[in-house]
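Both counts, for ligands and for their atoms, begin at 1 and track the order of listing. As a basis for the values below, the full set of heavy atoms in this structure was taken, side chains included, without hydrogen atoms, waters or symmetry mates. Treat the numbers as computed from the prediction; the structure is a model and nothing was measured. The residues of the chain are indexed from 1 along the displayed sequence.
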Amino acid sequence: MDESGVATVKVNLGERSYPIHIGNNLLAKRTSLLAGLDRVSHAVIITDSNVGPLYLDQVSEIFQEAGVRTDSYVVPAGEKSKGLASAESIWNWMLDVKADRGSFVVALGGGVVGDLAGFAAATFARGVRLLQIPTSLLAQVDSSVGGKVGVNLPKAKNMVGAFYQPCAVWIDVSTLRTLPQREYLSGLAEVVKYGVILDSNFFSFLEEHVDDLLAQDPAVLVSVVKTCCQLKATIVEQDEREVTGLRAVLNYGHTFAHAIETLTGYNQWLHGEAVAIGMACAAKLAVRLGMFPEELAQRQESLLSSLHLPIRIRGLAADKILECMMRDKKVQHGHLRFVLPTTIGRVVLVPDVSRQQVESVIDEMQDLSL
Ligand code: NAD
Ligand code: GLY
């Protein structure tokens, strides 16, 4: 951390390396931020209808004060904007505002804007530079880092895209103050995930700072976001394009979560909420398989619950969840594979779990209070 309270994490990927700057009120530290970017002649800022009114002026001014031309494009907030129709509108608009390889696409918003604007940057003129300014907790600890960009097809989420690393990521944790509380808590599920899959000390830190997390203490937030970015960077550096399987550890809880999200039409649970339920199910499955102590599963459940996250399945039958899991793109040749914990801080890929085991865990994880 430097004297102005800004922490920097470097993602080391050879010529595609980039810094992630994390601070409270980072966007107020204007010129120092731009000093790190090379040859910016034009900033093409893409944001959404919730984030734009809050932060677009502040971000535009960073560039304008340095004499950089800015143009901005606002998409409607929400997952529906993450499609090819929006991408095409953005490509045409970028042509109209004369974007070229000297331009920077600036993704200002949550994961939807990050993925969509990132996809536009990766594809327009075969690639223009990308700056991520994530404003949701999920985007700050996950989607803005690692270079996965893309859009949804009507029948499949995140189906068209690229690995396209940004030139820099600017994370201002003070933007989380305007994020709806439910979205913030949902992002905390991904934070807990990093502790379970990679770092037991971090998990303990989270247990000790539940009240600070709920109160959005700025120093704790900078520290937590920094650790998450560092942990993600370590994985991405070793398996940038998800070839060796290492990057798949980030999918802990996601096989259950995707089935729950799909079956509830993506409108009952936010992604992080479904991931919290998915992590609770995955831990219980690991207990069933005799590879994870029950008391650690309970520790994970206690932390998730204390962060007001759900940990039980509501009203979805086991056979429906299993059917949906079998259609998941992570299922290979009909074999159910899961990322499962062996202790807090370590997960392994278990390649062939029986349907019966999964079904009985789903039955056990039903919310019977309903
Ligand atoms: P989102 O972008 O829809 O943001 C959630 C909501 O919060 C939106 O209504 C948004 O307008 C609003 N918002 C964001 N920041 C705000 C702020 N500071 N103040 C007020 N409102 C704010 O959703 P998300 O949860 O950020 O991201 C979900 C998307 O991320 C999904 O499309 C998912 O597929 C993608 N994702 C991508 C990766 C990756 O590696 N690329 C990883 C995880 C998730
Ligand atoms: N969010 C999963 C990944 O970046 O690989």
Side-chain angles (χ1 to χ4, degrees), residues 11 27 46-56 58-59 74-83 86 107-119 122 130 132-153 156-166 169 171-191 193-194 197 216 221 228-229 231-254 257-258 261 266 269-275 330 339:
V11 184
L27 295 176
I46 298 168
T47 187
D48 78 17
S49 51
N50 290 335
V51 177
L54 295 166
Y55 302 109
L56 182 55
Q58 191 180 13
V59 169
V74 182
V75 297
E79 191 72 30
K80 282 206 176 74
S81 284
K82 211 178 102 176
S86 308
L108 172 65
V112 164
V113 165
D115 284 11
L116 172 69
F119 180 68
L130 171 66
Q132 290 273 12
I133 308 183
T135 60
S136 70
L137 184 57
L138 177 134
Q140 297 187 348
V141 299
D142 187 0
S143 61
S144 66
V145 176
K148 279 190 183 175
V149 298
V151 294
N152 303 323
L153 291 181
K157 209 169 174 293
N158 294 328
M159 196 38 86
V160 177
F163 288 97
Y164 193 72
Q165 302 294 342
V169 184
I171 301 180
D172 185 340
V173 297
S174 75
T175 60
L176 299 177
R177 282 189 216 124
T178 55
L179 186 68
Q181 175 76 348
R182 193 173 160 204
E183 295 283 353
Y184 173 73
L185 296 175
S186 171
L188 286 176
E190 301 283 354
V191 170
K193 182 190 78 178
Y194 284 108
I197 64 175
Q216 296 198 14
L221 273 181
C228 293
C229 289
L231 291 169
K232 181 152 185 186
T234 313
I235 297 288
V236 169
E237 284 164 7
Q238 295 171 77
D239 185 20
E240 184 185 3
R241 300 175 72 90
E242 219 165 278
V243 175
T244 66
L246 179 67
R247 192 164 174 165
V249 301
L250 297 171
N251 293 330
Y252 173 54
H254 284 60
H258 284 154
E261 286 179 293
Y266 287 92
W269 299 115
L270 296 177
H271 177 66
E273 293 169 339
V275 168
K330 292 188 286 300
V339 174

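- Taking both residues in full, the closest heavy atoms of H271 and H258 are given as CE1-NE2, 4.2 Å, listed atom of the first, atom of the second, then distance.
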Using side-chain contact (heavy atoms from CB on, under 4.5 Å), reason through H254 and K193 one step at a time and then give a plain yes or no.
CA-CA 10 Å; H254 284 60; K193 182 190 78 178; 4.0 Å; yes
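- With ligand atoms numbered from 1 in the order given, ligand 1 contributes 34 (O) to contacts under 4.0 Å with heavy atoms of N158.
- Every heavy atom of R177 sits 4.0 Å or more from the atoms of ligand 1.
- By the criterion of a heavy-atom distance under 4.0 Å, the side chain of D142, and not its backbone, is placed next to ligand 2.
- Comparing heavy-atom distances from atom 28 (C) of ligand 1 across L138, V113, L108 singles out L138 as nearest.
- Ranking the protein heavy atoms by distance from atom 2 (C) of ligand 2 puts K148 NZ, 3.9 Å first.
- Using a 4.0 Å cut-off to heavy atoms of K82, the atoms of ligand 1 that qualify are 31 (C), 32 (O), 33 (C), 34 (O), 35 (C).
- When V75, T135, D48 are ranked by how near their heavy atoms come to atom 14 (C) of ligand 1, first place goes to T135.
- Heavy atoms of H271 come nearer than 4.0 angstrom to ligand 1 in no pair at all.
- Counting atoms of ligand 1 from 1 in the listed order, those under 4.0 Å from a heavy atom of K232 are 40 (O).
- Donor-acceptor pairing under 3.5 Å is recorded for the side chains of Y55 and T178.
- With a heavy-atom cut-off of 4.0 Å, L54 touches ligand 1 through its side chain alone.
- The two residues T135 and L108 come nearest to each other via the heavy atoms CG2-CD1, 3.9 Å.
- Of all heavy-atom pairs between C229 and Q140, the closest is SG-O, 3.4 Å.
- Salt bridge present: E79 and K157 bring a charged side-chain N and a carboxylate O closer than 4.0 Å.
- Less than 4.0 angstrom separates some heavy atom of E242 from each of these atoms of ligand 2: 5 (O).
- Taking only non-hydrogen atoms, the option from K80, R247, K157, Q140 nearest to atom 34 (O) of ligand 1 is K157.
- The backbone and the side chain of S136 each have at least one atom closer than 4.0 Å to an atom of ligand 1 (non-hydrogen atoms only).
- Residue contacts with ligand 2: N251 is placed with no nitrogen or oxygen under 3.5 Å of a nitrogen or oxygen of the ligand (distance criterion only).
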Start with the C-alpha distance between K148 and N158, add both sets of side-chain angles, then the distance that settles side-chain hydrogen bond (donor to acceptor under 3.5 Å, both in side chains), and finish with yes or no.
CA-CA 9 Å; K148 279 190 183 175; N158 294 328; over 6 Å; no
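- Ligand-side atoms of ligand 1 in range of D142: 42 (C), 43 (C), range being under 4.0 angstrom from any heavy atom.
- Considering every non-hydrogen atom in both G83 and L116, the closest pair reads O-CD1, 4.1 Å.
- When side chains are defined from C-beta on, Q165 counts as touching V236, because their heavy atoms get closer than 4.5 Å.
- At the shortest separation from atom 22 (C) of ligand 1 among protein heavy atoms lies L179 CD1, 3.6 Å.
- With a 4.0 Å heavy-atom cut-off, ligand 1 is reached by no atom of E190.
- Heavy-atom contacts of Y55 reach the following atoms of ligand 1: 18 (N) (cutoff under 4.0 Å).
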